[in-house]
There are 2 protein chains.
Amino acid sequence: MSALSRQAMAEHGADRFEASGTGGGEAPAVDFGPLAESLGFRLRLAQIKAFEDFFSAFAEEGLQPGSFSVLITIGENPGIRQGVLAGALMIKRSHMAKIVQGFDEAGLVERRVPQDDRRAVELTLTAAGRQRVEAVMPKFLAHEKASAAALTETERQTLLSLLHKLGGF
Amino acid sequence: MSALSRQAMAEHGADRFEASGTGGGEAPAVDFGPLAESLGFRLRLAQIKAFEDFFSAFAEEGLQPGSFSVLITIGENPGIRQGVLAGALMIKRSHMAKIVQGFDEAGLVERRVPQDDRRAVELTLTAAGRQRVEAVMPKFLAHEKASAAALTETERQTLLSLLHKLGGF
DNA sequence: TGTGGATTGTTTTTGAGTGGACAAACTCTG
DNA sequence: CAGAGTTTGTCCACTCAAAAACAATCCACA
C-alpha cells in the first residue's frame, strides 16, 4: 500500500498505522491507535529521527541542530536582536542567552548594545563565524538532500508547504 | 501567495520563506536563508508549536505529550514489552524505565514479568489507567481537531502520509 | 519630572531526556 | 554442561531546555 493511497481509506476511519521495526527483522508491530492519526505524534516521531540523523552526521563537528540554526540565522540577518532571533527560532530567551554566550566566548558572534536601547543586544557574525558557517554549509546541504531521499522533490516541497501552513506563519 | 503555489518558484531557488510574528503586530521579518528549505528545521518548528499547544491545553491535567503517548500505546497493546514500546515511540530505554516507574507508582500501569523470559517486563493498563485514558481522550481528540484547523482534511491526510513516508516506517 | 508598568536579556532552579556502566537472564556453540 | 556473547531493564551522572525570579532599561502618562 502506498503512503498516499491511504487517504481514501482513512475517510472511513478503519485503518491503523503500525510501527514495524526499521531494519532488523522480527520487530513486533505496535498499534498506535488514535495516535496514528495525530499530527503532533507523527511530528514528534519524524523530528526525533531527523535529529538523530543530524547528530550522527555532525557529531564530529560538535554541532547541534539548534545552535547551528542560530548561527545561520544571525548570518542571514546581521544585527538581529537577540529576542527577535529567539522568537523566530522558537527558542526561549533564557536558552538563547546561553547559546549566544557560548558563541561569543568561541569568538563566532559579536554582541553589540545599540545606543537607542541599552537593554537590547544586536548580533553579528565575526569573520570566524562566517568562516565556520561557510565551512559546514556544503555538508549541511548534502545532509539535507540525503535525509529527504525517501521523498520525491515534489513530495518534499509539498511537505515543506504543509508544515509551513500548519505553523500558521 | 498560497503555500502550495510556492512549489514552482522554489525550483528556481529564488524564494525565501520568512518568519513574521504570529499575532502581535510589528514583529520584524527574519530571513531563514537555506534553513527555510530544510525539512529538519521546519519539522522542529512545527513540533515545538504543536507541543506548546498541547501543553496549554493539557496543563491542568498534568499531562505531557510523551507520557500520554506511552499510556495510550500500552492501552492499545496490552502486554507489550517495555523495550518494544520504547522502540516504537522512539524513547530511550533508560527514559522509558523512569516513565513506567512513575505510572506504576501512580497505579496506572501494571508490570508483569513473564515466565518464559524473566528479564522482560510486560505492561498493561490497570483499571485506573484505562479510566484515565478514557477520561482524557475526548479532550485529546478535540485538541487534535483544533490543532489541524489550518489545514483541510485532505491536506492533513497528505501531511500524515508524507511524515510517515519520511520516517521510513 | 517621576512613577508604575512593560520590555529585554541574564541568572537560577527544576525537570526532561541521554549515555554509559551494570546485573540478571537468555542463547548459541563447542 | 560451560563459557562467551547478547538482550533486557535499571541506575547514576550528565546535558539540554524551560520556568521563574531578577536587574536594567525604556515608555506612557499624569
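Chain A is the first sequence line, chain B the second, and so forth, proteins listed ahead of strands; every chain is numbered from 1. Because the structure is a prediction, the values reported are computed rather than measured.
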[N] [atom2] sits how many Å from [X] [atom1], rounded?
{"X": "A:R112", "N": "C:dT8", "atom1": "CZ", "atom2": "P", "value": "17 Å"}
{"X": "A:I48", "N": "D:dC16", "atom1": "CD1", "atom2": "C1'", "value": "14 Å"}
{"X": "A:D116", "N": "D:dC26", "atom1": "CG", "atom2": "P", "value": "9 Å"}
{"X": "B:F51", "N": "C:dA16", "atom1": "CZ", "atom2": "P", "value": "12 Å"}
{"X": "B:M90", "N": "C:dG19", "atom1": "CE", "atom2": "P", "value": "14 Å"}
{"X": "B:R44", "N": "D:dC16", "atom1": "CZ", "atom2": "P", "value": "14 Å"}
{"X": "A:Q115", "N": "D:dT25", "atom1": "CD", "atom2": "P", "value": "14 Å"}
{"X": "A:K98", "N": "C:dT14", "atom1": "NZ", "atom2": "C1'", "value": "11 Å"}

* For B:E122 and B:Q82, test the side chains for any donor-to-acceptor distance below 3.5 angstrom and give the result as yes or no. =>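 There is no such pair between these side chains.
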* Asked: Hey, are B:E144 and A:S38 close enough side-chain-wise for a donor-acceptor pair under 3.5 Å?
  -> yes
* To do: Compare the minimum distances between each of D:dG9, D:dA13, C:dT13 and the side chain of B:R81, then state the nucleotide with the smallest one.
  => D:dG9
* **Nearest-nucleotide pick for B:H95, side chain only, options being D:dG9, C:dA16, C:dT11** =>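 It is C:dA16.
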* Asked: With a 3.5 Å cut-off and just heavy-atom distances, do the side chain of A:R119 and the base of C:dT7 make a donor-acceptor pair?
  -> yes
* Residue pairs fulfilling salt bridge (charged side-chain N to carboxylate O under 4.0 Å, His left out) with at least one residue in residues 123-142 of chain B, sequence neighbours excluded ->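 Output for this query lists B:E60-B:K139, B:E61-B:K139.
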* Asked: Closer to the 5' end of DNA chain C via nearest nucleotide, is it B:I99 or A:G83?
  ->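 Its nearest nucleotide lies further toward 5', so the answer is A:G83.
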* Hey, which sits more toward the 5' end of DNA chain C by its nearest nucleotide, B:G66 or A:Q101? =>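 Going by which nucleotide is closer to the 5' end, it is A:Q101.
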* What does A:R93 touch in the nucleic acid at a heavy-atom separation under 4.0 angstrom: a base, only the sugar-phosphate, or nothing? -> base
* To do: Ignoring backbone atoms, test whether B:Q82 places a side-chain nitrogen or oxygen under 4.0 Å from the OP1 or OP2 oxygen of D:dT8.
  => no
* Applying ring pair (Phe, Tyr, Trp, His ring centres under 6.0 Å), which residue pairs with at least one partner in residues 113-143 of chain B are found, sequence neighbours left out? ->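 As it turns out, the ring pair (Phe, Tyr, Trp, His ring centres under 6.0 Å) pairs with a partner in residues 113-143 of chain B, which skip direct neighbours, are B:F54-B:H143, B:F58-B:H143, B:F68-B:F140.
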* Asked: For A:S94 and B:M96, take the nucleotide of DNA chain D holding the closest heavy atom to each; which residue's nucleotide lies nearer the 5' end?
  ->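 This one resolves to B:M96.
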* Of A:K92 and A:R118, whose closest DNA chain D nucleotide lies nearer the 5' terminus? ->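 Between the two, 5'-proximity favours A:K92.
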* Ion pair check, B:K49 and B:E52, cut-off under 4.0 Å ->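 Looking at B:K49 and B:E52, the cut-off is not met.
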